[in-house]
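Throughout, protein chains are lettered first and strands after them, A, B, ... in sequence-line order, and every chain is numbered starting at 1. Given the structure is predicted, the values throughout are model-derived calculations rather than measurements.
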Amino acid sequence: MALPIGYNVRNLVVRWKVALLAVGGIGLVVMVFVVLLAMASGFRIALGATGAGENGIVVQRGSGSELTSYFSREQGNLIAVDSRIARGSDGQPLASPEIVIVANLPHRVDGQPTNVTIRGVTSRAFEVRRNIAIAEGRRFTPGLNEVVVGRRIRDRIRGLDLGSSITVQRRAWQVVGVFTADGSAFESEVWGDFDVMGPAFLRGGGQNSLTVRLGDPATLKDFDRDLQANPQMQVEMHQERQYYADQAGPVARSLLILAGFVSIVMGIGAVFGAMNTMYAIVAARTREIGTLRALGFSRRSILLAFLIESAFLALVGGVVGCLLAFPMNGFTTATGQTASFSEIAFAFRVTPPDLLRGLLFALAMGVLGGLLPARRASRLPITVALREA
Amino acid sequence: MANVVDVQGVRKVYNRDSLEIVVLDGITLLVPEGEFVALMGPSGSGKTTLLNLIAGIDRPTSGRVTVAGTDVARLSESALARWRSRTVGFIFQFYNLIPVLTALENVQLPLLLAPLSRKERRERALTALRIVGLEDRSAHYPRQLSGGQEQRVAIARAIVADPKVLVADEPTGDLDARSAEEILTLMETLNRDFKKTIVMVTHDPRAAQRAHAQKHLDKGVLTA
Ligand SMILES: Nc1ncnc2c1ncn2[C@@H]1O[C@H](COP(=O)(O)OP(=O)(O)OP(=O)(O)O)[C@@H](O)[C@H]1O
Ligand SMILES: [Mg+2]
């Protein structure tokens, strides 16, 4: 039979000074690990929430992003009349032609030039996308040099406050509204009138993309095939959500790789820290181990006892790490590394799976660090162990 | 009466840096059931080594050690551990109580290895503490007890599983005269009233006097 768990817990409480080293080391590593995971989670959530599953986005065939996509208004209008596209209350197709450019605007904190996506849309855009909501002010007036700005980008860029104005392509644009979009990447954009922005940005007569609401999302594949088969057009259709998620892929992936790499490097250090602590604990309790063995406890129960002790130590470290990482939840940051080269602001999301991963990581470090010391403890000859002072 | 301890021609040799150290050189020792034997001899003469062989925590280089009818060398490591928990009670010079466990929990330790319910374990441990006169100290931790009290808790732990043999390595070696006296009286009681066979290593001639028989070890050989 094994030794009671209370025996391990009390031993750690008594030797908390030695235990602190391991707990602190593991706690720190778990904190960094969870924060990096939360960053990747936040980024994925932001871009995963961009666009809807029921929408399709039409872009130029082979273009990597909306920025490099371009096709004519005539082509756009031709696609918009397809019967697979849902109709609005006015009987007109729910199709939103859009132009996209990138502007260089000063960062709010240091004034550094920052890439910001500017999107020219018609009022249809607010119907095609259901999650756009004006939080302050109002929508832009068609025909005027007015813009509405995403909540996230407003906080990061100078001159995006309600009532102030920014200069893009030598024109002033007045900010008349702030919108939210469920925390998605649209919140990192500035939207203005399609018909004003087209000529202003030398995109008159064409568009970068056409986002449509499908009557039945299942028709998307056929729709795409028809578009690709049409020799008159050079376009293709993607599911809108997938399209934006794919743009996030490389960044989220590199964040995860970073998380893995940093955590493994730091984790190795923490494992050695835990190992050190456990060796010290075993050394300090050598005579006790001899006594327990003499009383009849098996090698296995000694091994188990010290493994449990190490695992428990690590778990405490893991909880500490999670607690340290938790305040980062909701912390907003930005990355300019997307395919469209624009800054996308997103919030760290410490998700339950991230916390669980942190605890499991801690447990793994504890078991790994405890293995050799526990093995030593279980293999001490009884007579030698009893001789220890 | 049968011999509870039967040591036949035992040698114990340690190899240190290709040097052979003969610690026990052909020991034969019989301890009848219910006997109280004192093992004496100068430091380094091999007393602890012999006691460890009897207690089944060490194996002889050659010769045979039979305790309570079991040839110790024949048991596997894990079988030997189980056998110890039932057959041998240990009393150490420095008590060897687990500091983070209370007196009661310390006494209960050997019972964790027996198929008993929580309640039975607790009751038996309390009985053992009552025998050594420390029932009222069951919730105390070792550091809250005097040396003599600690040794009495250790004795309660040694007898709680009702083993046939008690092995004691200088049980009074770390105690003042009065506490030592109490411990020896307790051991006499265990021997007389509870019929425990006791093998006790001691340096103290007065302690040895309390035993029924005295054996002397010198340079690995029993002399008397
Ligand atoms: N594991 C070991 N390896 C090598 N030599 C050992 C080992 N254990 C004991 N010895 C040696 O065996 C001899 C006898 O030791 P033992 O502890 O049995 O003596 P003792 O009679 O109990 O002495 P003391 O009265 O000081 O306790 C000593 O010389 C000791 O150094
Ligand atoms: Mg000795």
Side-chain angles (χ1 to χ4, degrees), chain A residues 1-19 277-278 280-306 308-310 312-313 316 374-389, chain B residues 12 14 23 46 48-59 75-102 105-116 118 121 141-143 154 157-158 160-161 163 167 169 174:
Chain A
M1 177 150 167
L3 286 152
I5 302 284
Y7 164 73
N8 301 119
V9 177
R10 278 189 235 166
N11 264 309
L12 285 178
V13 171
V14 169
R15 267 172 258 268
W16 64 270
K17 273 187 200 151
V18 186
T277 298
M278 286 312 293
I281 284 174
V282 167
R285 298 225 300 268
T286 299
R287 193 149 61 100
E288 187 172 306
I289 294 164
T291 306
L292 290 169
R293 291 282 313 283
L295 292 182
F297 286 92
S298 64
R299 285 191 167 166
R300 197 142 45 112
S301 60
I302 299 291
L303 183 85
L304 203 67
F306 281 93
I308 288 173
E309 206 158 311
S310 181
F312 181 79
L313 198 73
V316 172
R375 211 173 96 105
R376 174 185 287 181
S378 73
R379 299 221 159 177
L380 283 168
I382 304 174
T383 52
V384 173
L386 283 173
R387 239 172 242 279
E388 282 300 306
Chain B
K12 181 72 185 179
Y14 285 111
V23 179
T48 297
T49 305
L50 178 56
L51 199 70
N52 288 345
L53 290 172
I54 293 169
I57 56 173
D58 202 0
R59 292 169 194 267
L75 296 181
S76 71
E77 181 83 32
S78 54
L80 193 59
R82 274 194 302 279
W83 173 86
R84 278 197 304 272
S85 72
R86 273 175 282 141
T87 321
V88 185
F90 286 85
I91 303 168
F92 304 95
Q93 178 175 0
F94 301 107
Y95 335 125
N96 291 17
L97 296 177
I98 311 298
V100 299
L101 300 182
T102 63
E105 287 166 335
N106 264 289
V107 176
Q108 284 189 58
L109 269 180
L111 299 180
L112 291 174
L113 300 159
L116 294 173
R118 259 179 114 82
R121 279 206 294 270
Y141 286 91
R143 71 186 126 75
R157 181 178 68 186
V160 74
V167 295
D169 198 345
D174 200 44

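Within 6.0 Å of CZ in Phe312(A) there are 12 or fewer heavy atoms belonging to other residues, nucleotides or ligands.
Nearest heavy atom pair, residue Pro163(B) against residue Ala158(B), reads CG-O, 3.2 Å.
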Distance-only donor-acceptor pairs under 3.5 Å for side chains of residues 377-385 of chain A, two or more places apart:
| residue | atom | partner | partner atom | Å |
| --- | --- | --- | --- | --- |
| Ser378(A) | OG | Arg375(A) | O | 2.9 |

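Neither the backbone nor the side chain of Tyr95(B) comes within less than 4.5 Å of any heavy atom of chain A. Only the side chain of Arg157(B) comes within less than 4.5 Å of a heavy atom of chain A; its backbone N, CA, C and O stay farther away. Interface residue Asn96(B): backbone and side-chain heavy atoms are both found under 4.5 Å from chain A. Heavy atoms of Phe94(B) lying under 4.5 Å from chain A belong to its backbone as well as its side chain. Only the side chain of Arg299(A) comes within less than 4.5 Å of a heavy atom of chain B; its backbone N, CA, C and O stay farther away.
In terms of heavy-atom pairs under 4.5 Å with chain A, the best-connected choice from Thr48(B), Thr49(B), Leu101(B), Leu80(B) is Leu101(B). Options Ile98(B), Asp58(B), Asp169(B) differ in how many heavy-atom pairs under 4.5 Å they form with chain A, and the most are formed by Ile98(B).
In this view, Arg84(B) satisfies the salt bridge (charged side-chain N to carboxylate O under 4.0 Å, His left out) rule with no residue, not counting sequence neighbours.
Distance alone, capped at 3.5 Å, is enough to place a donor-acceptor pair between the Thr291(A) side chain and the Arg287(A) backbone.
The side-chain heavy atoms of Arg300(A) and Ser78(B), taken from C-beta on, include no pair separated by under 4.5 Å.
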